[in-house]
Amino acid sequence: MIPFLDLKAINQQHRQALIDAATRVIDSGWYVLGQEGKAFEQEFAAYCGTRHCVGMANGLDALVLTLRAWKELGKLKEGDEVIVPANTYIASVLAITENRLKPVLVEPDARTYNLCPQKVRQAITPKTKAIVAVHLYGQLVPMKAIMDLADEHKLLVLEDSAQAHGATVDGKRAGNWGHASGFSFYPGKNLGALGDAGAMTTNDAELAQTVRALGNYGSHRKYENHYQGLNSRLDEMQAALLRVKLQHLDADTLVRQQIAVAYAQGITNPLVTLPITPSSTVASLQNHVFHLFVVRVKNRPAFQAHLKAAGIDTLIHYPIPPHQQEAYRDYQHLSLPLTETIHQEVVSLPMGPTISGEQVQDIIKACNSYTV
Ligand SMILES: *Cc1c(COP(=O)(O)O)cnc(C)c1O
């Protein structure tokens, strides 16, 4: 069986370095808000090219607390409209509603599944105050156009970079395009901890400081509380493990891009719609770090069964769009036909830094032998 993602194999590659890092933390006697967290924040900020990084307990908190910080700083208020792609993972929308802001779900670009600047422009009203730009599946949103639009309408831009660590356009990485960005280091993400972890990045010192306080009981200084905060911090153990994993991120990304190119060139079955990629060479793929390689098929259950019979695991990202979830029953009246079609047709092929060339060929063969 070719697994969808072999987390055990991924972490086995760095087994001794991870054990050494964990041992360092165990022996330090210091487990929360210490040297490892500080070092990871500096290293990850340097990686993204941002001035600040604040470690958080997970990616959802990074998004929630950044929006919350903008409320505390007087830049957002309850009821403000926030534009978000309708086909995103639900966490992007949860971060908005958790802050009692109003998500405005917009249809994506039909070819890239990412935010489309024209459709964003059409969704802007006098109440619009922010955009959550989700780099879905690992591909950067056309951020230059989004930032121009944001400048024109004085909107805040929060990147959701949970799937796009290292994705780059014009030498600028995910996390350094918007006014702030949330990252997840959930184990299955491109940069994965061995548990839950997350971070926000920004070039705005006041914002970074506010987010840090909000994740620390609302406190800048011990026993002095400025905000009604909560507890969301990156612990020393995950930070130490992430420092090991960060050193291998670019090499892992290159493998993902090579697999994507092999899939894009090898899968020739007209029943399987490939993701749009700017070109077929790795060098020109820097804007896409292929967290997922997502194809579309009309009869998805049959396609998945065909691959399963060939020993290949697939997953769906995602089966139900946010506006059709029970949690958002107030939004069920919305008609978002493109998003709904995408959710009915997408299938994610195995993708990760430990898939072998032979396995890639087997997957390509199985995709090409699929018939209706
Ligand atoms: C994973 C993910 C999140 C949430 O991150 P967690 O660390 O799981 O809380 C948010 N947005 C997107 C697009 C994600 O893929």
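Read the numbers this way: they start at 1 and go in the same order the structure lists the ligands and their atoms. The structure displayed is predicted, hence computed values, not measured ones.
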Provide, to 0.1 Å, the distance between [atom] and the closest protein heavy atom, together with that atom's residue and name.
atom	value
atom 11 (N) of ligand 1	D160 OD2, 2.7 Å
atom 14 (C) of ligand 1	K189 NZ, 3.2 Å
atom 10 (C) of ligand 1	A91 CB, 3.4 Å

Tell me whether T88 has any N or O atom under 3.5 angstrom from an N or O of ligand 1.
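Among all N and O atoms of T88, none is under 3.5 Å from an N or O of ligand 1.
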Heteroatom proximity flag, S184 to ligand 1, N/O under 3.5 Å:
yes
Just by modelled atom types, is the C367 backbone N or O under 3.5 Å from a matching donor or acceptor in the N269 side chain?
yes
Nearest heavy atom to atom 15 (O) of ligand 1 wins, so pick from H291, Q163, H317.
Q163
On the 0 to 90° scale, with breaks at 30° and 60°, tag the Y331-Y328 ring pair as parallel, tilted or perpendicular.
perpendicular
With atoms numbered from 1 as shown, which atoms in ligand 1 lie under 4.0 angstrom from a non-hydrogen atom of G59?
5 (O), 6 (P), 7 (O), 9 (O)
Using a 4.0 Å cut-off to any heavy atom of A162, which atoms of ligand 1 qualify?
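So the answer, numbered in order with elements, is 2 (C), 3 (C), 10 (C), 11 (N), 12 (C), 14 (C), 15 (O).
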Residues F183, H165; criterion ring pair (Phe, Tyr, Trp, His ring centres under 6.0 Å); working and verdict
CA-CA 8 Å; F183 283 92; H165 319 71; 5.5 Å; yes
Could you see which bit of L60 sits under 4.0 Å from ligand 1, with heavy atoms only: side chain, backbone, both or neither?
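It is both parts that get close, each with some atom under 4.0 Å.
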Taking the six-membered ring for Trp, are Y217 and Y223 ring centroids under 6.0 Å apart?
no
Is the distance from the ring center of F40 to that of Y47 below 6.0 Å?
no
Any chance the side chains of E72 and T210 put a donor and an acceptor closer than 3.5 Å?
no
So for atom CD, which belongs to E78, do other residues, nucleotides or ligands contribute more than 12 heavy atoms lying within a distance under 6.0 Å?
yes
